[in-house]
Structures are given as structure tokens and as C-alpha cells.
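Order of appearance sets the numbers: ligands from 1, and atoms from 1 within every ligand. This one's a predicted model, so the numbers in the text were calculated from it and none came from an experiment.
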Amino acid sequence: MLAQIDRERLPRHIAIIMDGNGRWALKRKLPRIYGHRAGMRAVRQGVEACHRLGVSYLTLYAFSIENWKRPPAEVKLLMTLLREYLKKEMEEMQRENIHLGVIGRIHELPGAVRKDLQNALARTRSNTGLHLTLALNYGSRAELADAFSKLAMQMRKNGKMEIDEKAISRSLYTQDLPDPDLLIRTSGEMRLSNFLLWQAAYAELWVTETLWPDFRRRDLYQAVLDYQKRERRYGGLG
Ligand code: FPP
């Protein structure tokens with residue numbers, strides 16, 4: 001499948017809504033947390049596939065602002081898994097020259113998580129390969145509200161100021177990332193779930209019935225192949 005992909009026409013930025021961990025566990029009569037653990041292994045598959053293909057940016061929806069509403073034990077486990085992931089994958093990230101980034105209200109995460117994140121960000125700062133961004137305590141509407149507050153503050157300071165699309169994009173957490181070209185969602189749901197609403201304005205959507213823990217490299221290759229068959233028009237006539 002890899003051979004069928006045109007390396008000249010890769011999506012520059014792929015974003016993924018990793019959904020279905022709970023259903024995966026339920027199907028196996030296991031507690032939900034097993035699904036999240038299996039989901040962590042699938043993260044490695046997604047990252048590896050992008051690395052092998054030569055995709056420049058991958059953004060993963062790992063924890064949404066709405067996820068705080070889940071039972072405290074599940075939230076705690078998700079935080080633990082994240083810390084485990086950072087520890088386990090650091091060597092691999094260095095070997096594969098992966099640059100880690102985060103988006104979201106990071107300051108609201110538990111101190112231990114923030115500390116591990118800061119450490120991982122610092123260690124991968126000079127890496128020049130795949131930009132892997134984890135969306136943590138992320139919500140698109142919160143991001144827009146934060147951006148508008150920032151712009152309002154600048155306006156107060158500088159007096160008159162034009163707020164155009166560029167100014168908004170520059171004020172988002174994703175200011176250093178290009179807009180996603182391809183947005184993948186697993187487990188069949190046809191929703192954006194408050195993920196990159198502004199940035200995904202022209203993204204191609206690709207939804208698979210596969211539950212996130214079952215996601216493998218070939219699924220990502222299939223998404224890219226399908227993406228390459230589509231014609232992107234950005235509202236024009238093509
Ligand atoms: C959605 O499944 C997934 C999440 C809420 C969290 C995503 C977390 C991981 C993939 C594991 C850890 C990630 C990293 C980066 C270390 P769900 O629980 O909503 O599934 P359901 O809709 O079937 O209940």
C-alpha cells in the first residue's frame with residue numbers, strides 16, 4: 001500500500017480524533033481503562049506511519065476539555081497513561097527526530113503532567129522531523145475564546161487594530177502549525193467534537209468504523225490514499 005502513495009502529494013498536516021477506546025474494551029468485557037491502554041499502543045502506529053511516509057505534522061486529540069466530566073478514576077488513568085507514554089516513547093522520539101508540541105489549556109493540567117510535558121518538549125525542541133502535537137485539555141471554542149481575549153488585550157494596548165483571519169490564526173494555540181489537510185476520525189462517528197474548528201475549515205474528512213485501539217499503520221496509509229483521490233477546491237470551481 002505504501003508503494004501506491006504519491007510522496008509528492010502527501011497531506012502536510014494530519015489530525016486525528018482517536019475515538020472508540022471505551023467501545024473496544026466493552027466488546028471484550030474489559031474495563032474502559034484497558035481500551036485507553038490499547039489506544040496508547042495505537043498512537044505509536046499512527047506516529048510511525050506518519051514518520052515512515054514523511055508527513056510533516058500530526059496532531060492527536062488526546063484529552064478534551066469535556067473529558068474532565070468522566071469518572072475521576074478514568075481521568076486519573078488517562079493522565080498516568082500520558083506520563084507513561086512520554087517516558088516510554090522518548091527514546092523512539094529522539095531516534096526518529098520527532099519534535100513534540102502541545103495545544104490546549106496546559107496550565108490547568110496536574111503539576112506532575114506539566115512537569116513531564118515541559119521536560120519532553122525541551123528534549124525534543126531541536127528535532128527537525130515529524131511535528132507531533134498532542135491536544136491536551138483542548139477545546140476549540142475555548143481556544144477561540146482565549147485567542148479573542150488575547151486580541152482584545154492587544155487592542156487595548158495598541159489602540160486601533162484590524163482583526164482579520166490572519167490575526168485570529170496567529171492568536172490560536174496552533175499559531176506555529178499549518179492548517180490540517182486531512183482529519184481522521186475513528187469508530188464511525190461523524191462529528192468534529194470541538195476539535196480544530198477554525199483550522200479544519202478546508203480539511204478533508206476521513207471516517208473509519210475501526211475503533212482507535214485497532215488502528216494500524218495501514219489504516220493511516222489507506223486514509224492518505226483516499227485523500228489523494230479527492231479533489232480539493234477550497235470553494236472554487238477547481
Ligand atoms: C476516546 O475514546 C479517547 C479518549 C478520550 C482519549 C484518547 C487517549 C488515548 C488514545 C490513550 C493515551 C494517549 C496518549 C497520547 C498517551 P472513548 O473513551 O471516548 O471511547 P468510546 O467513545 O468508545 O467510549
Side-chain angles (χ1 to χ4, degrees), residues 14-51 57-93 96 98-106 108-110 112-121 123-124 130-140 142 173 183-196 207-217 219-220:
I14 299 179
I16 309 184
I17 301 175
M18 310 183 286
D19 194 17
N21 294 353
R23 272 161 283 174
W24 185 92
L26 200 72
K27 261 172 62 181
R28 288 162 179 76
K29 299 195 168 43
L30 293 168
R32 292 173 60 80
I33 54 172
Y34 283 82
H36 294 314
R37 194 164 276 287
M40 183 165 91
R41 291 193 292 272
V43 167
R44 169 178 269 203
Q45 293 273 322
V47 170
E48 247 180 56
C50 286
H51 171 71
Y57 296 87
L58 172 66
T59 300
L60 302 175
Y61 204 2
F63 191 86
S64 74
I65 286 188
E66 289 74 26
N67 285 154
W68 293 110
K69 292 186 215 141
R70 295 192 175 199
E74 186 174 340
V75 170
K76 198 163 168 225
L77 178 101
L78 282 167
M79 295 297 154
T80 306
L81 277 185
L82 173 65
R83 295 185 66 198
E84 218 177 275
Y85 175 80
L86 294 173
K87 202 179 277 169
K88 262 201 195 149
E89 299 297 309
M90 190 41 66
E91 216 175 289
E92 184 95 354
M93 283 194 208
E96 295 183 346
I98 292 171
H99 177 106
L100 187 71
V102 283
I103 54 172
R105 289 184 171 165
I106 303 304
E108 290 173 359
L109 291 171
V113 176
R114 279 199 326 263
K115 194 161 155 256
D116 286 357
L117 276 171
Q118 273 154 10
N119 184 27
L121 295 181
R123 287 179 68 185
T124 62
L130 172 68
H131 273 65
L132 169 63
T133 304
L134 301 180
L136 294 167
N137 194 22
Y138 177 87
S140 204
Y173 310 142
L183 178 63
I184 296 175
R185 180 166 188 147
T186 57
S187 91
E189 238 73 67
M190 301 284 182
R191 285 193 289 275
L192 286 179
S193 299
N194 203 14
F195 188 46
L196 303 176
V207 177
T208 173
E209 290 295 326
T210 301
L211 303 176
W212 177 251
D214 291 327
F215 192 87
R216 295 292 173 269
R217 287 196 297 270
D219 295 301
L220 190 125

For G22, the ligand 1 atoms whose distance to one of its heavy atoms is below 4.0 Å: 17 (P), 18 (O), 20 (O), 21 (P), 23 (O), 24 (O)
Taking all atoms of both residues into account, what is the closest heavy-atom pair of A25 and R32, and its distance? CB-CA, 3.9 Å
Tell me whether S187 reaches ligand 1 (any heavy atom closer than 4.0 angstrom to a ligand atom). no
CD-CG distance between E48 and L58, expressed to the nearest 0.5 angstrom: 12.5 Å
For ligand 1, is any non-hydrogen atom under 4.0 Å from R37's backbone (N, CA, C, O), its side chain (CB onward), both, or neither? neither
Under the side chain to side chain contact (heavy atoms under 4.5 Å, CB included) criterion, do Y138 and L196 qualify, and how do the steps go? CA-CA 9 Å; Y138 177 87; L196 303 176; 3.6 Å; yes
Using 30° and 60° as the class limits, which term best fits the ring planes of Y57 and H131: parallel, tilted or perpendicular? tilted
Give yes if a backbone or side-chain nitrogen or oxygen of W212 is under 3.5 Å from a nitrogen or oxygen of ligand 1, and no if not. no
Option set N21, T186, I16, criterion heavy-atom distance to atom 8 (C) of ligand 1, minimum: N21
Do V113 and D116 have side chains that approach each other closer than 4.5 Å (heavy atoms only, starting at C-beta)? no
Under 4.0 Å from one or more heavy atoms of R23, ligand 1 contributes atoms 21 (P), 22 (O), 23 (O)
Is Y85 close to ligand 1, meaning an N/O of one under 3.5 Å from an N/O of the other? no
Please report whether ligand 1 has a polar contact with V43, defined as an N or O pair separated by less than 3.5 Å (distance criterion only). no
Using the salt bridge (charged side-chain N to carboxylate O under 4.0 Å, His left out) rule, take R185 and D19 through it: C-alpha gap first, then chi angles, then the decisive distance, then the call. CA-CA 7 Å; R185 180 166 188 147; D19 194 17; 3.0 Å; yes
Y173 and V102, any side-chain heavy atoms less than 4.5 Å apart: no
Tell me the contacting part of L211 for ligand 1: side chain, backbone, both, or neither, using a 4.0 Å heavy-atom threshold, strictly below. neither
Side chain, backbone, both or neither: which applies to R70 and ligand 1 if a contact is any heavy-atom pair less than 4.0 Å apart? side chain
Students should be able to answer this: which protein heavy-atom is nearest to atom 3 (C) of ligand 1, and at what distance? M18 O, 3.1 Å
Tell me whether L60 reaches ligand 1 (any heavy atom closer than 4.0 angstrom to a ligand atom). no
Spacing of W68 atom CH2 and N137 atom CG [to the nearest 0.5 Å]: 5.5 Å
Per-atom contacts of ligand 1 with H36, taking only distances under 4.0 Å to non-hydrogen atoms: 11 (C), 18 (O)
For atom 5 (C) of ligand 1, which candidate among N67, L132, L77, L82 provides the closest heavy atom? N67
Does at least one non-hydrogen atom of R32 fall below 4.0 angstrom from an atom of ligand 1? yes
Do L136 and L117 touch side chain to side chain, with heavy atoms closer than 4.5 Å? yes
I want to check something: taking the side chain as every heavy atom from C-beta on, are T124 and M90 in contact at a cut-off of under 4.5 Å? yes
Considering both backbone and side-chain atoms of D19, is one of its nitrogen or oxygen atoms within less than 3.5 Å of a nitrogen or oxygen in ligand 1? yes
Has Y34 got more than 12 heavy atoms of other residues, nucleotides or ligands less than 6.0 Å from its OH? no
Pick from G39, A62, A42, A25: the one approaching atom 7 (C) of ligand 1 most closely through a non-hydrogen atom: A62
